[in-house]
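This report concerns only the one structure given below.
Atoms within each ligand, like the ligands themselves, are counted from 1 in listed order.
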Amino acid sequence: MRAECYYDDYDKKENLHFDSKVVHGALGCDPMTGALSFPIFQAATFKHREFDVSTGYLYSRLQNPTRQELERTMAILEEGYEAFAVSSGQAANMCVFGMLVDGDHVILSDDLYGGTYRIAEDIFRNLGIDFEYVDMSDMENLENAWKPNTRMVFLETPTNPMMRVSDMRKIAEFTHKNGGIFVVDNTFLTPYFQKPLTLGADIVVHSATKYISGHNDVIAGIIVIKDDTFSDHFHMQLKSRGNGLAPMDSWLLLRGLKTLSLRMERHNSNAKEVAEWLRKHPKVKKVYYAGFEDHKGYAISKSQSTGFGGMISFELDSHETLVNLMNNVKMILFAESLGGTETLVTYPLTQTHESIPADIREKLGINDRFVRISIGIEDVRDIIADLEQALG
Ligand SMILES: *Cc1c(COP(=O)(O)O)cnc(C)c1O
């Protein structure tokens, strides 16, 4: 009989293709009972086999078998060494920034999720850490912002909500040459379309609330590391901050992940059609979508990603048109968030980017005519018909 637990031995499934890996996870089935749906271990604590001999599990704040199955699955999908599942995307970023110390300088995308900005400015700046926001779609900006005390580069690509694309290989090379840590928020494209760790990133973070879950029914975050350099750091963060993802929520992500490939394909093809349709609409002034061939980052996207995802932003001719759109959509829902099966329209000025200072927002183009849309997996004809009637 094996001395250790049933859950130790898992296969990295290196022989499988990505679409099969999402379905079969790390262990996939429960090795003890054969249950095809991985069990939800709704347990806080675990009985010891005998004095000083545990099952490998002690207490769920440290590790829980359901969470571990999710973490191993995410590590497989991102081609990383190890993953950590936490209670939100914000919690994931708290753990990442948790490695900074007084005197460090961090370079972040200037166009970035408002909550990440809030963590930097409202929590970590008070601890003596300096943050600088630059447009990294131009390498020169990153080079110019670098300081002797720069410790970390935090990138979103494509950015939220302006859809700028940055060259991850080049940023990784430059950051490492100068002794920094390169972190990529991969929420928008997921490992289905892009795997930053294979392009040189050290750490990937996700708001798993979005495409990883895919169903707008759970708040969760994921961190994946390339090698064991930061393994102890993240174990300590989960253990001390107590933000590990709950078993039920971990199971919801495992369930959502099974259809990740199918969902991402449909988000991608629907978004392409909607972006092209929006571009021709007389009330739409500008469309921000990484999949346009004349998008500044198109060639870079092609070199590092296999798709453009489901996110589009656009500017309307007036605030009145925007209010009409939000009030008149029927199937499409006016709500914040993204990455779920339902198409959502969002007003970044107040819903996702209110923390960003007005001058930065204005410079980026986040104004009262600016809309972000997360294209769902509905029939694209219904998405376009709804936009058409709501734009009037
Ligand atoms: C939503 C989001 C976050 C924050 O994640 P939560 O799960 O809401 O805490 C971080 N980064 C990006 C790009 C996001 O879209």
Side-chain angles (χ1 to χ4, degrees), residues 70 74 78 83-98 106 108-124 131 133 136 153-166 168 183-191 193-194 196 201 203-224 237-238 241 243-246 249-250 252-253 256 264 267 271 288 290 305 308-313 335-340 342 344-348 350-356 364 366 372-376:
L70 168 65
M74 281 305 300
E78 287 282 10
F84 302 86
V86 291
S87 55
S88 65
Q90 288 289 81
N93 286 337
M94 286 296 293
C95 292
V96 169
F97 291 163
V106 181
L108 303 92
S109 304
D110 62 343
D111 172 24
L112 122 141
Y113 178 70
T116 309
Y117 179 87
R118 201 178 311 129
I119 291 177
E121 293 301 316
D122 294 354
I123 298 180
F124 286 90
F131 296 92
Y133 304 87
M136 286 186 262
V153 172
F154 187 100
L155 178 79
E156 283 185 24
T157 184
T159 54
N160 177 10
M162 307 313 291
M163 308 298 158
R164 289 194 195 135
V165 175
S166 301
M168 286 185 275
V183 184
V184 176
D185 182 332
N186 202 26
T187 300
F188 269 32
L189 290 187
T190 82
F193 285 132
Q194 119 185 333
I203 300 171
V204 158
V205 290
H206 279 276
S207 168
T209 310
K210 317 294 170 49
Y211 292 105
I212 299 296
S213 138
H215 293 74
N216 286 323
D217 54 10
V218 59
I219 300 284
I222 301 280
I223 301 149
V224 193
Q237 290 285 314
L238 269 72
R241 291 183 192 264
N243 54 12
L245 193 63
D249 291 355
S250 298
L252 280 167
L253 292 194
M264 292 313 290
H267 286 298
Y288 300 86
S305 320
F308 307 103
M311 298 302 297
I312 306 169
S313 298
E336 61 186 80
S337 201
L338 62 106
E342 302 84 5
L344 305 183
V345 281
T346 302
Y347 183 45
T350 60
Q351 285 183 308
T352 56
H353 286 68
E354 85 279 9
S355 308
I356 308 282
L364 291 171
I366 305 173
R372 192 185 74 186
I373 183 162
S374 169
I375 303 295

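The distance from ligand 1 to the heavy atoms of Leu338 drops below 4.0 Å at these ligand atoms: 15 (O). Proximity to Gly89 (heavy-atom distance under 4.0 Å) selects the following atoms of ligand 1: 5 (O), 6 (P), 7 (O), 9 (O). Applying the 4.0 Å criterion to heavy atoms of Asp185 picks out, from ligand 1, the atoms 10 (C), 11 (N), 12 (C), 13 (C). Listed by number with element, the atoms of ligand 1 under 4.0 angstrom from any heavy atom of Ala220 are 7 (O).
In this structure, the side chains of His353 and Thr346 stay at 4.5 Å or more apart for every pair of heavy atoms. Contact annotation: the side chain of Ile312 never approaches that of Met163 to less than 4.5 Å [non-hydrogen atoms, C-beta and beyond]. In this structure, Val153 and Val183 have side chains that are not in contact, with every pair of non-hydrogen atoms separated by 4.5 Å or more. Contact of the Met136 side chain with the Thr157 side chain is not registered, since no non-hydrogen atoms from C-beta on lie closer than 4.5 Å.
Atom 5 (O) of ligand 1 has as its closest protein heavy atom Ser207 OG, 2.9 Å.
Among the atoms of Thr116, none of the N or O lies under 3.5 angstrom from an N or O of ligand 1. The shortest N or O to N or O distance between Thr209 and ligand 1 is below 3.5 Å.
Judged by distance alone, the side chains of Asp185 and Thr187 do bring a donor and an acceptor atom under 3.5 Å apart.
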- Report the C-alpha separation of Gln90 and Tyr113 in whole Å, then their side-chain angles, then the decisive distance to 0.1 Å, and conclude whether the side chain to side chain donor-acceptor pair (under 3.5 Å) test is met. CA-CA 10 Å; Gln90 288 289 81; Tyr113 178 70; 5.3 Å; no

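Between Glu156, Gln90, Lys210, Met94, it is Lys210 that holds the heavy atom closest to atom 14 (C) of ligand 1.
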